[in-house]
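Input: a single structure, listed below in structure tokens.
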Amino acid sequence: MKRLLKGGTIVNADGRMVADLLIHGEKIEKIGTDLVCEDAQIIDVTGKLLFPGFIDAHTHFDLDVCNTTTADDFYTGGRSALRGGTTMVIDFACPNKGESLQYGLDLWHKKAEGKTACDYGFHMTIDDWNDGIIEELPKMFEQGISSFKMYMTYPAMMIGDEAMFKALRKMKELGGIAGVHCENAGVIDALIAEHKAEGKLEPSSHPECRPAVLEAEAISRLLKMAEVADVPVVIVHLSSEAGLREVEAARKRGQKVYVETCPHYLLLEDSKYSLPDFEGAKYVCAPPLRKDSDREALWNAVRNGVVQTVSTDHCSFTLGQKAAGRGDFTKIPGGMPGVETRGVLLYTFGVAENRISAEKMVEVLSTAPAKLYGAYPRKGVLAEGSDADIVVYDPNGTTEITAKDQVCNVDYAPYEGIKTAGHISQVYLRGTLSVDEGEVLLDRGGQYIHRGRSCL
């Protein structure tokens with residue numbers, strides 16, 4: 001079936017225009033003014049904005065962590081993503097230490113295949129380093145895995161500076177890109193021990209044990225290693241102004257560094273951890289929420305191009321799961337939901353409040369992640385020949401974010417009661433109308449996307 005979307009404003013990262021858009025099968029066949037196609041279904045989108053489908057390059061669906069499993073699997077998480085305008089997620093395949101990369105990839109394919117509403121890909125986590133892992137890396141590229149994740153904290157995940165440096169050297173050789181969780185594990189552990197000894201066990205201790213300076217120190221250390229290895233890296237979920245300063249210093253040295261931040265670092269701050277009745281547990285994530293000054297610095301960084309992508313780090317738990325940390329903040333599962341609200345939040349607090357342009361919103365939500373992670377121009381742009389992944393956004397009126405309205409498998413909403421500027425009217429996934437006025441019409445239509453190397 002052909003569909004002709006008429007009268008909308010097409011917004012790409014490099015500009016916008018009022019034009020018609022013709023969908024044929026799964027692709028965008030033509031964009032132009034006053035298009036006519038006698039055998040097409042006509043959809044009037046006058047007054048609405050047409051965005052490329054959003055790409056969330058940082059989700060954790062069906063992940064075993066903290067003696068539990070995330071509340072959202074690929075079915076509920078994929079539905080939530082699609083409803084929020086995200087037509088592709090890139091999740092993390094996470095083999096445990098001692099397991100092969102192929103085992104982790106096969107396991108994540110089993111978790112996702114036939115269950116996911118949106119298209120999907122995988123980053124591969126490197127939490128072990130040995131001859132077997134090294135031999136497997138080229139095989140990952142053959143299977144569409146061109147990006148990798150490493151940790152500088154969490155004993156079960158981190159591999160240490162020597163192994164990380166060797167892995168970075170291998171990324172340079174193979175043409176891959178590594179994203180790194182940057183926090184100083186040793187000092188965090190020392191601060192946690194001090195807080196426990198003093199009986200400070202509430203959620204308010206969480207940000208005190210993970211101060212911004214420890215994120216900045218780890219970023220600095222990573223970037224010095226990357227400088228010697230002569231390879232670009234991605235700083236994932238950067239949360240602080242101090243971290244941004246380290247990135248800027250590296251760029252002045254001539255390094256290529258990519259930065260991702262998340263909506264919760266742009267919109268929330270660390271007073272949430274002091275809410276009464278254990279309410280602060282809802283917001284426990286790592287790195288933690290920061291200060292208002294950090295939020296404003298991050299908005300400036302998004303606007304000025306210092307930050308390339310805005311992903312969610314969607315890692316959801318129910319209130320019951322969070323309650324495991326009553327009496328010991330270190331046992332609160334870390335993470336928040338976010339994949340369903342990212343688009344409306346960036347539009348509301350970014351575009352509608354003139355912090356960023358609609359084009360910049362498209363850049364950080366769609367185009368830059370598609371380029372950075374090897375899915376462009378199939379994804380990330382409204383152009384002839386690209387996948388017909390389209391978000392039809394109605395900028396008029398307001399809607400309210402509530403836990404009752406969401407489709408993710410979580411019994412709270414971090415942004416409960418927030419009024420959004422407009423709403424997502426429709427979402428097309430590869431040419432098929434998959435969401436209509438909040439109703440998910442196609443909840444298992446997602447396909448695995450074989451990604452190439454970065455072109456950002």
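Since the model is a prediction, treat every value here as computed from it, not as a measurement. Note that the numbering runs from 1 along the sequence shown for the chain.
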When you check the gap from the basic side-chain N to the acidic O, do [X] and [Y] get nearer than 4.0 Å?
| X | Y | result |
| --- | --- | --- |
| Asp405 | Arg83 | yes |
| Lys6 | Asp20 | yes |
| Asp91 | Lys111 | no |
| Arg430 | Asp389 | no |
| Arg295 | Asp292 | yes |

[X] vs [Y] aromatic rings, parallel, tilted or perpendicular, using cut-offs 30° and 60°?
| X | Y | answer |
| --- | --- | --- |
| His60 | His58 | perpendicular |
| His450 | Tyr448 | perpendicular |
| Tyr347 | Phe51 | tilted |
| Phe148 | Phe141 | tilted |
| Phe61 | Phe74 | perpendicular |

_His264 and Tyr283 aromatic centres sub-6.0 Å_ = no
*In Å and rounded to the nearest 0.5 Å, what is the CD1 to CE distance from Ile31 to Met17?*
5.0 Å
_Quick check for you: to the nearest 0.5 Å, what is the distance between Lys256 atom NZ and Leu456 atom CG?_
7.5 Å
_Residue from Glu363, Glu260, Lys371 passing side chain to side chain contact (heavy atoms under 4.5 Å, CB included) with Thr309_ = Glu260
*Can you find a side-chain donor-acceptor pair between Asp443 and Tyr75 that sits under 3.5 Å?*
yes
*Looking at Thr76, Thr69, Thr70, which one forms a side-chain hydrogen bond (donor to acceptor under 3.5 Å, both in side chains) with Asp72?*
Thr76
*Mark yes or no for whether Lys149, through its side chain, and Cys94, through its backbone, hold a donor-acceptor pair below 3.5 Å.*
no
